Amino acid sequence: MNLTQKRIAGGILAGGVVLFYLGLNSGTWLISPDSTDYVEGARSLAALRGHVDGAGVPLTFFPPGTSMLYAVAALLPAADYVYFNLLTKLLVVTFVGLSFAVVRRSAGTAPALLVVLFLVLSQTLTSESTQILSDPAFGVALMLTVFLFPENRIHNLSPRAALGLGLMAAACYAFRTVGMSVFLAYVAAIALRAQHRRVSTIGLVSLVFMAVVVPLALRAAPGEHSYFRMMFWREQWVSDSGIADLSDWWTHASVNLRQTLFDIHFVLTNDWDVGLSGVATGGLMVLGVVTAILNGRVLYVSLLFFYVLALVVMGSVPRYILPVIALLAMVAIDGGRWAMNWPQARWASRGLLLGLLAVVCVSPYWWNGYLHARALRAELNRFQGAAVAYPGHGEFLDLVRRHSHELTPADVVATMHPNVLRYFLPDDVTLWVMPSTVDPEKAYRAIIDRSVTYLYCDKTVTTIWSRIAPMIERHASGLTLVAENASAVIYRVAAEPD
């Protein structure tokens, strides 16, 4: 193919990717507890009211970078969330494009095209393209950092480039707290591979990074919850659970490491069940890591190491794996190349190549990804006309809607996620977050002291329901069952404690 033909083919591919994601666009906000912070923060920034939620409370748990980005969408007038969702699509397409550029520079055009197809049919990425969360923005920042500062450039960074690297690492942190891993990874890579001005380069990178991170950390310090504070609690989200000891840390790390590995497997296979494709991909990644270390290519290994380490400390879900999916793919590609070059006989090398291609082709990844995209489109069609929807919590919302007409401005409703429920209840109803504590008596006393009149319990929020259920059982005489189904329950709280 000549240059013109390649450009035409590239344009067709890019157009196909854009049309695929535009086909998943809608004016409905698929709300989640995290996304409320980003949307409300964006609106407050666009209105020049600072970084606060809908109730005017400062938002400190998440860094403000994602809200600052979505403030662009908040400036555009619309009765629904079509511009927020369009911006998400733009971020996802940009992430795919940058992933293609990074992989092509490292592994060539053919593997990069395979990575694009892989990303487009990723269940996790298609789901993220319909949400308003920080992962696409963080993924763009990470891939742009890797593209601008590849392995061969960090050997000899100029002072100006070092300042730029520090700024990009700070941008990663501004989108996600786990962006701290990007800073640590580059510092480690520079320390190991830089040929000139090693100390001064690390100093300049650190100076710019800390100039952004320290003010954000100081702003978040007064808040009860933060990732750094929760690391020292025995139970995440439960501040009175006590300080974690070494055995607690070991338990947390073991559980989080296993979950992180399962999440990596799911993102790379579109399947929770461990099959041939998962085993083959995992083996290739291990080979790729070993090969990179032996060949002195430390940057990608360093990025993956510190990122996974952050997930082991903080906890993982599949969407957290997305930003590094291109790095995982490059490691697997390196492992595959080493495996194909290892046999001395040419027929063995070709046989191994055909075997790997067969594993890739027969993988359930492609079909599962296609079916998931169809299911997402059907779900969006079902929510058509609704400004806000709460996927996966339909039975809870059924109870809420059936009972909401009985609420008055004098009522105080305690629930798991009041930041979500406020979009489904009258504006004049006071909402309050249920206390998460190890002591049922303390939880009940807090509810009484706050003059709560109703408990709206979503049983699918297991981390909070597991704490509230013992309190309900112990103080059943002070609660009156109003409505219940398989996933939710509403109680009326007595005016006086029992």
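Since we're looking at a predicted model, the values are computed, not measured. Computed over heavy atoms, backbone and side chain alike; hydrogens, waters and symmetry mates excluded.
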Which heavy atom in [X] sits nearest to a heavy atom in [Y], and how many Å separate them?
| X | Y | result |
| --- | --- | --- |
| D411 | E406 | OD2-O, 4.1 Å |
| E40 | R422 | OE2-NH1, 2.8 Å |
| V140 | L98 | O-CD1, 3.7 Å |
| A74 | A42 | CB-O, 3.8 Å |
| V178 | S181 | O-OG, 2.7 Å |
| T66 | A137 | OG1-CB, 4.5 Å |

Can you check whether [Y]'s main-chain N or O pairs, donor with acceptor, with [X]'s side chain at less than 3.5 Å?
| X | Y | value |
| --- | --- | --- |
| T260 | N256 | yes |
| N419 | P33 | yes |
| N270 | N368 | no |
| R176 | G65 | no |
| T453 | V412 | yes |
| D428 | P409 | no |
| Y491 | I472 | no |
| S466 | T463 | yes |
| T28 | V388 | no |
| H51 | L59 | yes |

Answer yes or no for R492 and Y454: cation-pi contact, defined as NZ/CZ to six-membered ring centre under 6.0 Å and angle to ring axis within 45°.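 Satisfied, under 6.0 Å and within 45°.
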
Sub-4.5 Å side-chain heavy-atom contact between [X] and [Y]:
| X | Y | value |
| --- | --- | --- |
| I321 | L328 | yes |
| T109 | L113 | yes |
| E128 | F95 | no |
| V96 | V93 | no |
| Y173 | L216 | yes |
| Y300 | V146 | yes |
| L30 | F383 | yes |
| D458 | H417 | no |

What's the spacing between [X] [atom1] and [Y] [atom2] if we round to 0.5 Å?
| X | Y | atom1 | atom2 | result |
| --- | --- | --- | --- | --- |
| F306 | Y186 | CZ | OH | 13.5 Å |
| M471 | K442 | CE | NZ | 13.5 Å |
| Y444 | D449 | OH | CG | 10.5 Å |
| L303 | L142 | CG | CG | 6.5 Å |
| L479 | R474 | CG | CZ | 13.0 Å |
| E473 | I468 | CD | CD1 | 13.5 Å |

Is it true that, when you exclude [X] itself, more than 12 heavy atoms of the residues, nucleotides or ligands shown sit nearer than 6.0 Å to its [atom1]?
| X | atom1 | answer |
| --- | --- | --- |
| R258 | CZ | no |
| M314 | CE | yes |
| F20 | CZ | yes |

Practice prompt. Apply the test salt bridge (charged side-chain N to carboxylate O under 4.0 Å, His left out) to residues K459 and E395: give CA-CA distance (whole Å), side-chain angles for both, the deciding distance (0.1 Å), then the verdict.
Written response: CA-CA 10 Å; K459 298 178 185 178; E395 291 187 329; over 6 Å; no

**Message:** Listing request: all side-chain hydrogen bond (donor to acceptor under 3.5 Å, both in side chains) pairs with a residue in residues 310-322, at least two apart in sequence or in separate chains.
**Reply:**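 Output for this query lists D34-R319, D135-R319, D263-S316.
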
As a quick check of understanding, evaluate side-chain contact (heavy atoms from CB on, under 4.5 Å) for D53 and T36, giving each step before the final call. CA-CA 8 Å; D53 65 12; T36 60; over 6 Å; no

Side chains of Y70 and T88 only: does a donor on one sit below 3.5 Å from an acceptor on the other?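 Looking only at side-chain atoms, T88 and Y70 do form a donor-acceptor pair, the distance falling under 3.5 Å.
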
Please verify the inter-ring angle class for F183 with F209; under 30° counts as parallel, over 60° as perpendicular, anything in between as tilted.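 Ring orientation of F183 relative to F209: parallel.
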
Would you call the rings of Y390 and F424 parallel, tilted or perpendicular, where under 30° means parallel and over 60° means perpendicular?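 It falls in the parallel class, under 30°.
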
Not counting sequence neighbours, which residues clear side chain to side chain contact (heavy atoms under 4.5 Å, CB included) with L261? List them please.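 Once residues adjacent in sequence are excluded, the partners of L261 under the side chain to side chain contact (heavy atoms under 4.5 Å, CB included) criterion are L257.
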
Q | Member of Y38, Y423, F84 meeting the ring pair (Phe, Tyr, Trp, His ring centres under 6.0 Å) criterion with W29 | A |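 With W29 as partner, ring pair (Phe, Tyr, Trp, His ring centres under 6.0 Å) holds for just one option, Y423.
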
